[in-house]
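Just so it is clear: chains get the letters A, B, ... in the order the sequence lines come, proteins before strands, and each one is counted from 1.
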Amino acid sequence: MKNIILKFLVLFVFLGFTGLVANENASTVELSAHKEESYKTQPMSTMVMGFLQSTGISALINPDPNELNSHGKTMSDFHKTGGRVIMILITFLLFYLAIKKGFEPLLLLPIAFGGLLANIPVANMAGPDGFLGIIYHMGLSNQLFPILIFMGVGAMTDFGPLLSNPKTALLGGAAQFGIFGTLVGAVALSQYTNIFDFTLQQSSAISIIGGADGPTSIFIATKLAPELLGAIAVASYSYMAMVPIIQPPIMKALTTDAERRIRMTTLRHVSRLEKLVFPVMVLVLAILVLPESTPLIGAFMFGNFLKESGVVERLSDTMQNALINIVTIFLGLAVGSKLSADQFLVPDTLAILALGIIAFSVGTASGVIMAKIMNMFPGHKINPLIGSAGVSAVPMAARVSNKVGMEYDRTNMLLMHAMGPNVAGVIGSAVAAGMLISFFK
Amino acid sequence: MDANLVVEGLKFMLLGMGTVFLFLIVMIVSMNIMSTIIHKFFPEPKSAISSTGNQAKDNKKIIAAITAAITHHRQG
């Protein structure tokens, strides 16, 4: 075997040299006739050197001093060399988390692979002419993809549980305190300490992670702080994936044993007409109160309306499956393109990850506390465990409420009760997003 | 100028949370009104419930048949 390879190598080198000589002879003859300007013949040694210089190894060791990042700015040498290697290793870690640990693999895998591609030297795929850059400009920088995702989520959402117990919508509102509380915290820390220095826009874009809503986070980040998009999207999706780890300790710390065993009254039957009127009604409210939130709420309710209408099965099916899957691939790759070393390996990223988890925890806690406050008033009691579902990670947060509830009472099914605040959380975070955008108008 | 940002943040919080709750409260009220109207003027036909009743009866028949078959089989 080794022999054959060796023979091939010798043959290859020999042919190369003869070809080279022949080429040189031929070129001297035909030079006057053809006047080839674009391609100049080079001696073999120069070509080999040129090839060696264009390898990834050489680009990682001796970076091109004139190489620009995807925004056309200069990068530090670290971001061209070791930084890229670190980022590629980070994407491998994300692969592991997605495949082995099952952390939101549908999004984490495209994002991580996009990040891997974006960190390849020389190829410059995340640049404006690379395919990642083209996808980014096609739908992410203009907020198209998050809106399309919202349509699909709308087509998958069932508002029945919310309609049968409307007051649980307040829990979805309370959980948005995670967003605004963190906003104040981030601004205060930027102001009075030297840990980090975020502007008001950046702080808003970071704190929206507390809504636990990936598309909304991306929507806001591209509008208010596109330079932080990669870190915000990664933080948002990884915390959504870690809902079953982050939420239960907070929920247990804030509730008593008796509260966790509260049984809720069974949900009444919701008629089809109610489900059909509801999306239009919410959209009308959004139009009247906060038109700034209508891109998100409008797309969401459009998807839901098609589903509930029951006459366009094909369209609603496309939205729930084909469309959302295609957009997810593009969205993941486009977000991944922002994971290039020069944008991700900055101190701000750590601050964003830290603020994100605070926002998320505060949101969970305020949902639970809101449920306890509501229990002080007369009426049907609410199990505070469903308060945590007010963050809009649908349906993960509701499943967590159900699971924690079952730990204390095996027959207490909270899933459908928790879906109410869960979908209200989606509406709530869309409203919060609309407010944040309107502040900066 | 320096202290402004935090005050701005607090303003955002008050206004933001206020709007979110206002929106949801209005939504809850209109949901209740909508449900009342729909239940009053457009009640759902009760056919769905009666059909499930029939199904339950059918199930009982099937169960009876299966039990009979099993006892027969055991005796045989």
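Both the backbone and the side chain of A/A174 come within contact range of chain B, each with at least one heavy atom under 4.5 Å from a heavy atom of that chain. When heavy atoms are compared at a cutoff of 4.5 Å, A/A286 approaches chain B by way of both its backbone and its side chain. With a 4.5 angstrom heavy-atom cutoff, A/I179 does not touch chain B via any of its atoms. Residue contact with chain A, scored on non-hydrogen atoms closer than 4.5 Å, is absent for B/L14. Only the side chain of B/I38 has a heavy atom closer than 4.5 Å to any heavy atom of chain A. Interface residue A/S204: only side-chain heavy atoms are found under 4.5 Å from chain B. Of the two parts of A/V277, the backbone and the side chain both hold a non-hydrogen atom closer than 4.5 Å to a non-hydrogen atom of chain B. Contacts of A/L170 with chain B are made by both backbone and side-chain atoms, with heavy-atom separations under 4.5 Å. Proximity to chain B (any heavy atom under 4.5 Å) is shown, for A/F159, by neither the backbone nor the side chain.
Summarising the geometry of B/M27 relative to A/A169, their closest heavy-atom pair is CE-CB, 4.1 Å, with the distance given to 0.1 Å. Residues B/S30 and A/L285 come closest through the heavy atom pair OG-CD1, 3.6 Å. Closest approach of B/M34 and A/E274 over heavy atoms only: CE-O, 3.5 Å. Pairing each heavy atom of B/M31 with each of A/P166, the nearest pair is CE-CB, 3.5 Å.
Of the listed residues (A/S271, A/A430, A/S438), the one with the most heavy-atom contacts under 4.5 Å to chain B is A/S271. Looking only at heavy-atom pairs under 4.5 Å with chain B, the residue among A/L200, A/L290, A/V289, A/V270 that has the most is A/L200. Each of B/L10, B/V26, B/L15 has some count of heavy-atom pairs under 4.5 Å with chain A, and the biggest count is that of B/L15. With chain A as the partner, the residue from B/F21, B/F12, B/F42, B/F23 showing the most heavy-atom pairs under 4.5 Å is B/F12.
For A/F219, the CZ atom sits in a packed shell: over 12 heavy atoms of surrounding residues, nucleotides or ligands are nearer than 6.0 Å. Atom NE2 of B/H39 is surrounded by more than 12 heavy atoms from other residues, nucleotides or ligands within 6.0 Å. Summarising the local packing, CZ of A/F440 is surrounded by more than 12 heavy atoms from other residues, nucleotides or ligands at distances under 6.0 Å.
For the atom pair CD (A/Q176) and CG (B/L24), the distance works out to 8.0 Å, reported to the nearest 0.5 Å. Annotation: the span from B/N32 atom CG to A/L163 atom CG amounts to 9.5 Å, rounded to 0.5 Å.
Side-chain contact between B/M13 and A/S207: absent, with no pair of heavy atoms (C-beta onward) separated by less than 4.5 Å. A/Y192 is listed as a side-chain neighbour of B/V6, based on a closest heavy-atom distance under 4.5 Å.
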